[in-house]
Each structure stands twice: as C-alpha cells, then as structure tokens.
Amino acid sequence: MASVVLEVSMPAPKIQQEPKDTMSKGKKETAKRKNTEEEGDQMPIFDGKDGTAIAGDDGDLSDSEESVYSGLEDSGSDSDDVDDEEDEDDDEDDLEDENDEDISVEGLEIDTDDNKIDDGEAVNNSETGEKSTKTLTKKNKNKREKTTNNAEEKEKGEKVSRDGGLTLPRSNEYDEDTSDEEDIRNTVGNIPMEWYKDYPHIGYDLDGKKIFKPIRNKDELDEFLDKMENPDYWRTVHDKTTGTDIRLSDEQVDLVHRLQRGQFGDVNFNEYEPSVDFFTNEVMIHPVTNRPMDKRSFIPSLLDKEKVSKMVHAIKMGWIKPRKPKDSTPQYYDLWAKEDPNAILGRHKMHVPAPKMRLPGHEESYNPPPEYLLSEEERLAWEQQDAEDRKLNFLPQKYECLRAVPAFSRFIHERFERCLDLYLCPRQRKMRVNVNPEDLIPKLPKPKDLQPFPTTQSLVYRGHTSLVRCISVSPTGQWLVSGSDDGSVRFWEVSTARCMKTIEVSVAVKSVAWSPNPAVCLVAIAFNETVVLLNPGLGDRLISSATDQIISPSRSRRRSASSLSSGPLPRARTRSWATACSSHTRRRSAR
Amino acid sequence: MAQLQARFFTENKKYVVDDVPFSIPATSEVTDLSNIINKLLESKNASHSHVDFDFLVRGQFLRTSLAGHMEAFDISTEEVVEIEYVEKFTAPQPEECVMHDDWISSVEADPEWILTGSYDKTARIWSLEGKAAMTVAGHSEVVKDVAWVRRDGLTSLLLTASLDQTVLLWEWNSERNKIKARHCCRGHAGSVDTIAVDPTRTKFCSGSWDKMLKLWSAVPTEEEDEVEEPNRPRKKQKTDKLGLTRTPLMTLSGHTEAVSSVLWTDSEEICSASWDHTIKMWDAETGSQKSNLMGSKVFNCVSYSPLCRRLASGSSDRHVRLWDPRAKDGSMVLLSLTSHTGWVTAVDWSPSHEQQLVSGSLDNIVKLWDTRSCKAPLYDLAAHEDKVLCVNWTESGIILSGGADNKLYTYKYSSGVTDAGA
C-alpha cells in the first residue's frame, strides 16, 4: 500500500486539473506542510491541517499557520495536525492507485465528508507501521484535491472573484472544525512521549481505545542491525506519537533536501515570479489622495518644541551658557616677530635668523645706468635660462621718469617667493657630516698583499710511517727537521725533499726545533720527558764542528758524519748517545 | 663558411710552394693546412711523400683553428695572412734508461760520455749507450752538481760539487779508466749547489748555500793553495787523497739567499740565479754586479742560449721565463711558458736550435718547448716516476733527464733540420 503511495505523482498532473488558485493554495499548503515536517519526530507532521480546513478558511488558516510555524515547536496545534495526518493516512490507505488521480480525487471526494468517521479506522490502519507519513505532498495533494474539490463547489466562485492577482486562496475557516481532526491518530496531545515509555500503548485514539505500540520494539541490537542492513534506514523516521517507523517517500525526502538547501519546499513554487505591483508605475493625472498635508509636517513637532523651549528657558535663566563661536583664525607663532638678539638669550645657539631680503641694487632702479641693462644677447640668454638659474628674476628696465613706471608685474611673485623663503627656511641647523661612505667600508687587504701564502703543493716529503707531529726549518732554509709518532726524527733537504738523515728515537717525538742562532747548528728534540740537543751535522762544516765543541768538548775531535750529544736539563734525565746516528742512505735493489 | 686569404712561405728550400694567396676555410687546423701543403707539393713534384708540417702565424705556432688563432692574436682577417710552415718536429725518441743507485742530482753529457752526479755521494761516467764507465767517489756528502771542464782525447777534467762544501776537480783517463782527484776547492761555507765552467775552460764558478759565488781556476796545478783550515778533512776513500786544496780566485757576494744556479754567458760575464728572487749578472773580472733581474719567486735554475741571447729561468711558480740579460735592472719577462704543475727544477736551451728548450720539473715531466708556441710545449716527456732534478741537451741532439726515481733517460731529438735518417 504504502509503496504505491510512495510513488510521487508530481503535482503537475494535478495542476492540470486544478485551477490556478487552488494550485497556488496547494503549494502554500505543501510548503507549510514541509515546514512542519521538518520540525522533528515528536511533532506530528503538519500537513493538510490546512487541507481539511482549506475549504474556505485559507486566509485565516494561513495566519494561524504562521503562528504555528513561527519556529516554535508544539505550539499547541498538535492535535490538529495529528488529525490532519490521520486524515491523510486515511486517504492514502483507501487509495490504491495514486496515479489515477481522478479516481483518487473522487475517492477523496467521497471520503471527505466521511473523514471524521474514517479517522478512527484510519488510525488503526496507521498502526501497521508501513505507513510512513507519505509524501506529504501526496497527502497534500489529496487533501488539496479534497479541499479543492470541496472548495470548487463552495469557494471557487469566491476565489475567482477575489483573485485579482492574489495568490493566497482563502478557505472558509468555519467550514470545518479542524482542531479536532488535526491528528486523530493519537489524542494524547503535546506531551513528551517518554511518559508512555513503559507502557505497552502509546496513546489513545479518538474512540478512547489504546493505541498499542508495534509489537516488536526495536532494541539496541535491532537498531544496530537496522543501521547496518536496512537500506532505507536513512529515510525512516520514528513517529513517537504512534510509535511507528515511517519511511519517507522520495517526495518527502526531496522536500527535506530542498528545505535543507534553503529552497522553498514546494517544487511548484516559483519564487522568482514577477512581482505584481499593487499599483502602477505610470504617472497618473490625479493623485491617489488629494488630502492636503498637515501643518505639523512643516513645523517642529510637539516634542521638539518642548525641548527647545526648555533650553531657551534654561539659557534665559542662565543655567546654560551658549557657546561662543570659535575663532577660526589660525594660531601661529611668528618666529621672527622680534628680531631682537637680546630676547633670544635662552636658545640663541639654535636660533636661526630670518633670511634676509636682498637689498635693492642698481638693477632695480627705474632709471639704471645703461651698463645695468641687458643687451639683446643677454636678454635672450636670460630668457632661455630656467627660472631657477637666473641671477636676476627680472629684466632691468629703464624709464624716463618715475611717473612712467608701471605697476610691477612680478610683485606678487616676489612676495610669494619671500614667503617661501620665510616659511621654508630651515628651523634647525643641520650639522652636515662630511663622511665619505667609502671610508666606512673596512679596507680589506688584497690577496696579493697577503702573499706569500701557500697556494699549491710543491713537494711531499715522504718517509715517515706515522703521524708527523712537528717540523722545524733551519735558519738558512736549507734543511727541514721533522719528528713523528713512529719514533723517528728525519732531516730533509728542502729543495728536493730528500731525506738526509734519520734518527731513531723509540718513542713518539713531540716537538723539534732548530736553533735560530746561525752560528750554531743545533736541533732540539723533545720526547717523553727528555729534550735532546743534537748536532745534525748538516750545513757548514765549520759551524758544525764549532757546535760540536760547544756541546761536548771531548767529542769534538771525532770527525763523524754527525754527532749526538745531550745537554743536561733540569729534571730531565741526561742521556748520552753513544755513536752517530744512522745516516740515511737509500739502496735500491735493482742496479 | 668563412674563408681567409693565406700565403705560405718557408725557409726550407725543399718544400717551397708557390707564393700566391690561397683561399682557405677559416676553421682549418694544422692537419688541414698540412694536407694543403702536401697536395701542393705533390702537384709540383710527383715523388713527394707526405710530410707533416707545423705552421706559424706571426711567429707563433698554430695550435687551434686558424680563425681562433687569428682572433686570439688580434690578426686582421681582411688581409692576406702570411703563414710560415716548417717541418713538424718529431717527438724525441727515447733511447736509454740508466738506473742509478740513488737520486740523480745533475747530468752533463758530451758527445761521448755522460757524467751524472748522484745522491749516493758519487759521480758516475757512462757511455752513451748507458754502460757504466767510471764511478767518481770522493765526496763525503751528496754530489749536487757535475760539469765537464775539458775533454781532449784521453784525459778529461771534470768537476763535482757537493753538499760537503767542496768542489773536486778530477782528472780522468778514459783510456785506462782511471780517475784521480786533482784539487779540492774549499772555501764555501755551505753546500755547493751549482758549478759552471767558462767558455775558455780555464775557470769555473760555483754557487752555494752560503749566498756566495766563487770563482776558481780550473787548471790543475801541482801547487797547493794556502789552506786556512787547520784540520784537513781526510777520509778513507778509494782514491788516496782528495787532491790539493784550492782556494777561490774571487768571491762574488750580493745575493741575499742561496744561489741555486750559475752560468757563464760569455767569458767575462756570469749569470746567477738565486732563491732571493733575483738573477744577477756579474762581471767576472771585476767581480761587480752588472745588472739585476727581479722575479717574484725563487729561481731554481737558469740557462742561456747564445743563439737567441735569452736566459731561460725555472721558478717555484711552475713557469719557465725568458729574459733578456742585457736588460738593465728590470723585471722584464719576455715570455712565460706555463705548463708545469710543479716547481721547475731544471732548464736547458737547445745548443742548435735557437727556439727550443727543455725543462724538467717536480711534476715528473720533462717538457720540450718551442718559444714560438708559448701556450703549450711541443712535447711532454713523461717517463719519470718521480721528481725530475736535472736536464741536459747536448750538441748532438740528445736530451737527458735525471730524477729522483734513480733513472736517467736519454732521448734522441732531431730538431728542425731534416737530415735523411736523423
């Protein structure tokens, strides 16, 4: 049954049948019904409350509807709504074939009068649960049709007559007593349905019989399963008054969507209808009314008059003093009012005297000597120069007598320039700092100046087997001594990287130093806690032998390739090295 | 495709072509031009065989394309370009490799024998084929420089300078293969790094780490010069004595750092290069400084060519520079040859060709240069595995180089003049 009902037969077909007035009315009704529908489960959906009442009362109904639909829930017309719904349900139940609307209409027609009788039945029927509040539109339509059909008989004439452009058909509100029939499914009224939570019934129908809840209530599990499995879950609505789950029809869902989007609920409603002026925009000959304007339009209002008179009285009594008009002359300080040096004692450092005017010279004379006059070339040059570049602002002129002198054309110019000088004159002495910005940049030396610094690798002195810790160059620059962690001290010839001598010290050599005294050929080698002073015997023979003498006189006689001796140092062990070190020779295997 | 007008000329009578301007493509390179010349010669002379030519434009060897070269040297492309062509210098042919016991510090060859000084404190004489002829031992320290004084027939005189501050004058009897130390020239207070014999072969000059140059007589005498040192250094050697002591004839002082290289430009003039960045010209007779050439880096070696009267110097900044010794007190570098990547330790001019020289460097390469091609050397002889310490170019066209890898390499080089089967 319901499914059939769900098929949305659009209002369009209906419209064909109906005259315009009713249709518009229907639209309005559907809109209202949609509004009500939105108001939630608790509220029984308002639909066709109008429908039943439509027969004649549309205007009033509309008002009452507005008050109902003002957004307040449950404004007290539930019962009516319920009745209405029940009506609709009724109708729908009875209708088998929605598509055949004529039949349905007629069916409705037949039934309209019997609405109330049928309501009880309808209520019972409605408990099946399958009945969702069907497309309200449908019901609306039905109702509308019902009502229109009713109305047709009664009101059509009225409407037509009334309708000069009015879109709101009004039904005679006294034709039907709708308040009883608002929602006849459940007569409990506007109460929280939780009161019936524990009861097996959910209310009473019009006959006083209990309306029992559907047999199987849904518990949590059922709810969950429903959520998961029921494809229509998203469009079923639990009606608390009847305790039924009403599956919304497509039309209803559509309605909801439209409302959510902010559109009008009624598909048929066109909000962009051209507005019909209630009056013409043509300029008529005669005014609408010819009533003359009142005097009060031209004189101060009574309230104003009172206020003013009070103020006047207050002024007269001296309680309020009127404000003096403000003097609009600008206040300025004449910097150079008194060019009295004595008066400026306080800040005479910063005082900038007024720029002095140029005293008139011979060029300004009305009859200057001929040499002050400009010749033609000079005049041309003067004219071609820019105004700022000119030495003289004016052309010296010669007149015979004072009488012949005309008014000075540049008078205002000059005054203006004088004013400029005065007020654009700098008020402060600016101390100009003569700083050359390039001086501030720090002068970095060119790389050339920093030379010599190493840029390329020239020689590699190979021989050490471990980390080389220390090097020292002889004062002559011919020899290089290096000590390393492999326990050896090597002497190199700088220019060829040839290792001349190697001295084995079993421990890592920490530091070596060549004696800077050119008269002595000595190298100091530091390792562990010992410092050894060594004569490597490189370089000048003489010096070498002299050094030997210094170090150990007893050994100086021995002519050996090199001699080693240690100098005693505080807290250092003295070591005497027996014989010469191993002087480094390379023996290549291949010959 | 741009074309250039070029005219070819040559000194070599054998390969003369017509002296008419030719229009050649601007992008032609040496091989292209060589082909052109060969074709021209073939058309003239049917029996001409292909010869590789090298081309010079305004005295500079053509190394890039002709257009590039002219652009680089700012030669106008509007006029006819004069291109000189010479036979391409063939690469030096490596000949011998003589193994030594230790680093070779110096080498000097004359037409029959090679004399090398080594870090094993000896000097050796070798035949040209690399056969050891003689070992000259006597020094107590490494031998830094060697020089032939005279060679006439059987006996020859040679000098060895050493780290032990002495220069020994040896007399060598090649026939009997005996060597004898004639004189021991003492006087230096530092290692004697360089010696040079004058053109008359009667004197020689030595430069040392004590910043002095000393002139000595190279004529062996029987007298012994007065000796200042009370203790005569004696050492047990193969030869009995180190020869009679000799003192210097003159001492030239003026350098502020060690003298690295010395040579005679003529019999009266000595040129010395030093670590104090200068090359000084001295008058041998008066002992005074004649002029002074300032450089920016340490001079390691210097060589003079009487053919072109230029001094070539090798420095620690890897350049080989050419100077005019007649320049008065300046720093006028005529040409700077840059290709080495390490210190240039040795240079020598070709005795026969006025534009060719050879240089050896610490980057293990010996480079053969032509001064007309200043951007790049003619040839790189990269036979050494370690630093090259000395080079020599003999009059017979042999280039020798010795280095720290104990090897002495000889190359045969025929420069310029074509002889059949050179």
Side-chain angles (χ1 to χ4, degrees), chain A residues 447-449 451-463 473-480 491-501 518-521 536-549 556-562 580 583-591, chain B residues 98-103 105 118-121 132 140-142 144 163-166 186 188-191 193 208-211 228-235 257-258 260 275-277 296-298 300-301 316-318 340-345 361-363 386-387 389-390 403-407:
Chain A
K448 260 195 192 169
D449 301 338
Q451 274 181 349
F453 51 80
T455 49
T456 49
Q457 178 186 283
S458 310
L459 280 168
V460 182
Y461 299 79
R462 294 186 200 277
V473 178
S474 79
T476 55
Q478 198 179 2
W479 313 106
L480 174 71
F491 291 87
W492 311 84
E493 187 187 7
V494 166
S495 53
T496 55
R498 168 101 185 170
C499 179
M500 306 301 299
K501 292 200 171 79
V520 147
C521 177
L538 295 170
D540 194 8
R541 249 342 137 55
L542 274 173
I543 289 177
S544 179
S545 49
T547 316
D548 275 344
Q549 285 195 328
S556 64
R557 292 235 160 207
R558 281 189 52 197
R559 238 190 101 240
S560 58
S562 68
S583 96
H584 189 88
T585 53
R586 282 208 213 168
R587 294 245 169 247
R588 289 288 178 107
S589 54
R591 243 208 183 237
Chain B
V98 184
M99 272 300 284
H100 284 63
D101 285 341
D102 211 338
W103 295 10
S105 59
S118 165
Y119 270 66
D120 64 354
K121 303 178 194 164
S140 48
E141 279 293 339
V142 300
K144 288 311 283 285
L163 206 68
D164 62 3
Q165 301 153 0
T166 62
R186 293 176 195 285
H188 275 299
S191 131
D193 267 10
S208 119
W209 265 90
D210 65 353
K211 310 165 191 149
E228 292 137 19
E229 217 180 332
N231 297 328
R232 270 217 248 137
R234 284 186 192 282
K235 191 164 183 170
E257 289 291 338
S260 58
W275 277 37
D276 63 357
H277 307 189
S296 59
K297 287 282 185 325
V298 162
N300 283 325
C301 50
S316 309
D317 61 357
R318 316 167 326 222
H340 281 296
T341 52
W343 292 7
V344 180
T345 48
S361 139
L362 294 182
D363 61 1
D386 205 348
K387 311 181 267 278
L389 296 175
C390 51
D405 55 355
N406 305 0
K407 294 201 178 77

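Atom set for the values below is all heavy atoms of this structure, side chains included, hydrogens, waters and symmetry mates excluded. So you know, we letter chains A, B, ... as the sequences are listed, proteins then strands, and number each from 1.
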To the nearest 0.5 Å, atom CD of E493(A) lies from atom CH2 of W103(B) at 8.0 Å
Under a 4.5 Å heavy-atom cut-off, does chain A meet the side chain of [X], its backbone, both or neither?
X	result
K144(B)	side chain
D363(B)	neither
V98(B)	neither

What are the two closest non-hydrogen atoms of G477(A) and W209(B), and how far apart are they? O-CH2, 3.5 Å
Taking all non-hydrogen atoms of both residues, which atom of L459(A) and which atom of K387(B) are closest, and how far apart? CD2-CD, 3.5 Å
Sequence neighbours left out, what passes side-chain contact (heavy atoms from CB on, under 4.5 Å) with D210(B)? Give chain and number order. H188(B), A189(B), S208(B), M212(B), K214(B)
Side-chain contact test, heavy atoms from C-beta onward, threshold under 4.5 Å: evaluate it for L163(B) versus R498(A) and give yes or no. no
